[in-house]
Number of protein chains: 2
Amino acid sequence: MDTIGDILRTERENRNLLLRQASALLEIDQAILSKIERNERKATKEQLNGFAKVYELDIETLLILWLGEKIYKNIENEDFPLKALKVAEEKVKYNKTKK
Amino acid sequence: MDTIGDILRTERENRNLLLRQASALLEIDQAILSKIERNERKATKEQLNGFAKVYELDIETLLILWLGEKIYKNIENEDFPLKALKVAEEKVKYNKTKK
DNA sequence: TGTACATTTGACACATCTTGTCAAGACAAA
DNA sequence: TTTGTCTTGACAAGATGTGTCAAATGTACA
């Protein structure tokens, strides 16, 4: 299952960019970039926009994956993750109609 | 749509407990309890267990609702919440089989 | 092997978010 | 007003997130 880190690493390699070069383009410290690509750190939302721009990736796809992983990190060690997701989903739908 | 706060306030009132009394039983500061019941603060997991014990509520139900609200707070102001939830769900299922 | 270059790791400081504590404010009933 | 209940806001301590840097590790090849 592809993680954001996997994708970003692949995209960088497809462009034949070294970490050093990509980190300059992205204005992200090389150490942080390394960690993001190995899923040791989560990118900030701002950094995510940078990736989309520099690598010309679809920001929507990236955002969804990024948020999905954020959610997952919240629930991976909890007891009833799927039921909790269902609750969250219902709340989203409910509050959409309410507006 | 019932929030944890709503439920906890109702349960306390059903038992004719004042905030002061409930906060003593629960060993939670009264100000915090007030805020939890009005959904201004989220209970900690430990406090949640306290509620279940003192009010004799099903801890599983409480946990699911609590986690669901936590997830929801993460996504309510994001652009593609439902798709992100789907991603998280797939990750949960995928990592379940992996173990 | 040694050297140059790329990547990873870990320690640190700084900022932001979370949590608990407390006192004062708001509100209702008598 | 007085009394009792609930709410609000300010604060401190702790936890978590983020960026920076230098040292350590890994890799290719002369």
Side-chain angles (χ1 to χ4, degrees), chain A residues 3-55 62-63 65-78 84, chain B residues 3-55 62-63 65-78 84:
Chain A
T3 63
I4 286 222
D6 296 337
I7 291 169
L8 294 177
R9 171 142 295 185
T10 301
E11 294 293 341
R12 175 173 65 81
E13 289 174 342
N14 284 348
R15 286 160 183 72
N16 291 307
L17 292 170
L18 299 175
L19 269 185
R20 169 167 51 78
Q21 300 170 315
S23 77
L25 291 173
L26 293 159
E27 298 178 58
I28 299 177
D29 182 87
Q30 172 173 333
I32 294 183
L33 182 53
S34 168
K35 287 169 187 170
I36 290 175
E37 289 184 349
R38 286 171 302 103
N39 302 298
E40 193 186 314
R41 279 222 190 168
K42 217 170 66 64
T44 66
K45 218 174 171 182
E46 204 185 346
Q47 288 164 345
L48 209 62
N49 281 294
F51 284 115
K53 189 156 289 179
V54 172
Y55 294 161
L62 230 42
L63 266 174
L65 205 50
W66 175 82
L67 191 52
E69 291 187 358
K70 190 159 132 189
I71 296 168
Y72 178 70
K73 244 183 51 182
N74 265 325
I75 61 178
E76 60 179 334
N77 295 314
E78 298 288 343
Chain B
T3 63
I4 286 222
D6 295 338
I7 291 169
L8 294 177
R9 171 142 297 186
T10 301
E11 293 293 340
R12 176 173 63 81
E13 291 174 341
N14 285 348
R15 287 162 181 73
N16 291 308
L17 291 170
L18 299 174
L19 268 186
R20 170 169 47 80
Q21 299 170 317
S23 77
L25 291 173
L26 293 159
E27 299 179 58
I28 300 177
D29 182 87
Q30 172 174 333
I32 295 183
L33 182 52
S34 167
K35 288 168 187 169
I36 291 174
E37 288 184 349
R38 286 170 303 103
N39 301 299
E40 194 185 314
R41 280 223 190 168
K42 219 171 66 63
T44 66
K45 216 172 172 184
E46 203 185 346
Q47 288 164 345
L48 209 61
N49 282 294
F51 284 116
K53 189 157 289 181
V54 172
Y55 293 162
L62 232 41
L63 265 174
L65 205 51
W66 175 83
L67 191 53
E69 291 187 359
K70 188 158 133 189
I71 295 167
Y72 178 71
K73 243 185 51 185
N74 265 328
I75 61 179
E76 60 179 334
N77 296 314
E78 299 288 345

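Letters A, B, ... mirror the listed sequences (proteins, then strands); counts begin at 1. Just the heavy atoms: all of them, side chains too, but no hydrogens, waters or symmetry mates, feed the values below.
- Rounded to an integer number of Å, the gap from CD of Glu46(B) to C1' of dG20(C) is 12 Å.
- No option in Leu62(B), Leu26(B), Asn14(B) other than Leu26(B) meets the side-chain contact (heavy atoms from CB on, under 4.5 Å) test with Tyr55(B).
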A correct 5'-to-3' footprint of nucleotides 19-30 of chain D, with B, S and - meaning base, sugar-phosphate only and no protein heavy atom under 4.0 Å, is BBB---------
Are Glu78(A) and Lys45(B) close enough, and set up right, to give a side chain to side chain contact (heavy atoms under 4.5 Å, CB included), and what steps lead you there?
-> CA-CA 11 Å; Glu78(A) 298 288 343; Lys45(B) 216 172 172 184; 2.8 Å; yes
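- Per the geometry, CZ belonging to Arg38(B) stands 8 Å off C1' belonging to dT8(D), to the nearest Å.
- A ring pair (Phe, Tyr, Trp, His ring centres under 6.0 Å) check over residues 3-37 of chain B, counting only residues at least two apart or in different chains, returns nothing.
- dT19(C) atom P lies 12 Å from atom CG of Leu48(B), rounded to whole Å.
- In this structure, Glu40(B) atom CD and dG20(C) atom C1' are separated by 14 Å, rounded to whole Å.
- Computed from coordinates, the Glu13(A) CD to dA6(C) P distance equals 14 Å when rounded to whole Å.
- Contact check on Glu69(B) versus Lys73(B) returns no salt bridge, with no Lys/Arg side-chain nitrogen under 4.0 Å from an Asp/Glu carboxylate oxygen.
- Between the CG atom of Leu8(B) and the C1' atom of dC6(D) there is a distance of 16 Å, given to the nearest Å.
- Rounded to an integer number of Å, the gap from CD of Gln30(B) to P of dC6(D) is 7 Å.
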From CA spacing to verdict: side chain to side chain contact (heavy atoms under 4.5 Å, CB included), Gln21(B), Arg12(B) = CA-CA 10 Å; Gln21(B) 299 170 317; Arg12(B) 176 173 63 81; over 6 Å; no
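- Closest approach to the Ser34(B) side chain among dT7(D), dT8(C), dT5(D) is made by dT7(D) (side chain taken as heavy atoms from C-beta onward).
- The CD atom of Gln21(A) sits 12 Å away from the C1' atom of dC5(C) (whole-angstrom rounding).
- Contact annotation: Arg12(A) side-chain N/O to dA6(C) OP1/OP2 distance is not under 4.0 Å.
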Could you go step by step and tell me if Val54(A) and Arg15(A) meet the side chain to side chain contact (heavy atoms under 4.5 Å, CB included) rule?
-> CA-CA 11 Å; Val54(A) 172; Arg15(A) 286 160 183 72; over 6 Å; no
